[in-house]
Visitor: 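Below you'll find the structure I mean.
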Amino acid sequence: MDSTVKTWDLIAGKCDETLTYHSKSVRSFFVNDDNDEFISGSSDGIKKFKITSPGGRCKYLQDLQSLENDKLNRGNLIVNTITANHDGDLFIGCDNGQYGFWDWESGRLFQNGMNVPVPGSLEGEKGILCSSFDQSGLRLVTGSVDKSVKIWKQVDELAI
């Protein structure tokens with residue numbers, strides 16, 4: 001809630017570093033074990049960092065392109081969940097049902113949309129609360145406010 005991200009020395013039980021790049025509370029976080037990088041999400045944006053030393057020192061890398069949001073009618077965009085697969089596909093799901101897929105390396109948003117609540121649910125129950133790719137990295141599993149669990153699969157573009 002204090003808009004910081006902290007790295008910890010778990011053996012010593014102390015904070016190694018406090019990152020102050022966000023201006024709003026950080027609600028989500030994802031560590032990419034493949035390259036020692038992590039993403040933090042807040043209503044002020046999505047930021048990528050690199051862990052540069054075994055002691056937990058971090059280097060800011062970039063802001064990722066944000067999802068479009070009408071703050072006047074929808075309020076702040078709250079990032080609830082972040083996950084990625086080993087192919088570098090990054091998924092982010094939000095409190096208002098918005099979602100997006102980014103390329104991990106470039107930070108480019110390549111697909112976005114709005115979650116559809118299951119029939120019988122209220123319009124306000126389309127928020128995405130949690131997400132994870134399966135072991136193959138081809139299917140994404142999400143949990144939503146409407147109490148649904150959805151399994152998403154990649155759809156290849158058709159050749160014209």
Side-chain angles (χ1 to χ4, degrees), residues 1-69 71 74-115 127-145 149-157:
M1 295 303 290
D2 66 358
S3 69
T4 65
V5 174
K6 298 177 187 287
T7 60
W8 291 83
D9 179 334
L10 297 178
I11 294 171
K14 67 179 183 73
C15 177
D16 278 332
E17 185 174 15
T18 300
L19 305 172
T20 58
Y21 290 85
H22 287 286
S23 61
K24 303 281 184 184
S25 62
V26 177
R27 294 270 305 250
S28 54
F29 187 86
F30 180 81
V31 176
N32 186 334
D33 294 328
D34 293 339
N35 59 11
D36 293 328
E37 293 178 351
F38 66 88
I39 303 262
S40 58
S42 170
S43 61
D44 70 348
I46 305 156
K47 303 185 183 304
K48 183 164 80 169
F49 299 87
K50 173 92 173 165
I51 302 169
T52 59
S53 70
R57 304 307 294 172
C58 298
K59 176 184 175 189
Y60 168 79
L61 296 176
Q62 73 181 107
D63 277 355
L64 274 66
Q65 178 183 351
S66 289
L67 292 167
E68 294 289 324
N69 186 46
K71 287 184 180 181
R74 293 186 185 166
N76 284 334
L77 187 63
I78 299 171
V79 177
N80 281 341
T81 182
I82 303 172
T83 192
N85 63 16
H86 293 290
D87 292 332
D89 299 321
L90 174 70
F91 173 83
I92 294 178
C94 301
D95 205 43
N96 68 356
Q98 283 184 272
Y99 63 84
F101 290 89
W102 284 258
D103 175 70
W104 184 280
E105 287 303 314
S106 69
R108 182 183 66 84
L109 175 67
F110 63 85
Q111 182 181 344
N112 63 339
M114 183 67 73
N115 189 29
I128 301 169
L129 298 174
C130 55
S131 62
S132 182
F133 280 95
D134 71 353
Q135 292 297 316
S136 72
L138 299 176
R139 288 176 295 276
L140 172 70
V141 181
T142 59
S144 301
V145 175
V149 174
K150 294 178 182 164
I151 301 173
W152 309 53
K153 71 175 185 171
Q154 180 178 346
V155 177
D156 295 326
E157 293 183 36

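Small disclaimer: the values here were computed from a predicted structure and weren't measured. The first residue of the sequence shown is numbered 1, and numbering continues consecutively from there.
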Visitor: Around K150, counting heavy atoms of other residues, nucleotides and ligands shown, do more than 12 lie under 6.0 Å from its NZ?
Guide: yes
Visitor: How far does OG1 of T20 sit from CG of D2, to the nearest 0.5 angstrom?
Guide: 10.0 Å
Visitor: At what distance, to the nearest 0.5 angstrom, does CG of N35 lie from CD of E105?
Guide: 6.0 Å
Visitor: Measuring from atom NZ of K59 to atom CG of L19, what distance do you get when rounded to the nearest 0.5 angstrom?
Guide: 13.5 Å
Visitor: Examine distances only and state if a side-chain atom of K48 and a backbone atom of W104 form a donor-acceptor pair shorter than 3.5 Å.
Guide: yes
Visitor: Can you check whether F91's main-chain N or O pairs, donor with acceptor, with T83's side chain at less than 3.5 Å?
Guide: no
Visitor: Under the ring pair (Phe, Tyr, Trp, His ring centres under 6.0 Å) rule, collect the residues that match up with Y60, sequence neighbours excluded.
Guide: Y21, F49
Visitor: Using a 3.5 Å distance criterion without hydrogens, assess whether the side chain of Q98 forms a donor-acceptor pair with backbone atoms of L77.
Guide: no
Visitor: So, T4 side chain and T18 main chain: donor-acceptor pair closer than 3.5 Å or not?
Guide: no
Visitor: Donor-acceptor check, side chain of S131 to backbone of T81, threshold 3.5 angstrom: yes or no?
Guide: no
Visitor: Given F38, which of I82, V5, D33, L61 fulfils the side chain to side chain contact (heavy atoms under 4.5 Å, CB included) condition?
Guide: V5
Visitor: Around K50, counting heavy atoms of other residues, nucleotides and ligands shown, do more than 12 lie under 6.0 Å from its NZ?
Guide: yes
Visitor: For the side chain of N80 and the backbone of I128, is there at least one donor-acceptor N/O pair under 3.5 Å apart?
Guide: yes
Visitor: Could you state the interatomic distance from CD1 (I39) to CG (L64), rounded to the nearest 0.5 Å?
Guide: 4.5 Å
Visitor: To the nearest 0.5 Å, how far apart are CZ in R27 and SG in C94?
Guide: 10.0 Å
Visitor: Look up atom NZ in K153 and atom OG in S136, then write down how far apart they are to the nearest 0.5 Å.
Guide: 12.0 Å
Visitor: Mark yes when over 12 heavy atoms from residues, nucleotides or ligands other than Q135 sit less than 6.0 Å from its CD; otherwise mark no.
Guide: no
Visitor: So does D87 get a backbone contact from the side chain of N85, meaning a donor-acceptor N/O pair under 3.5 Å?
Guide: yes
Visitor: Taking T52 for its side chain and R57 for its backbone only, find out whether a donor-acceptor pair lies under 3.5 Å.
Guide: yes
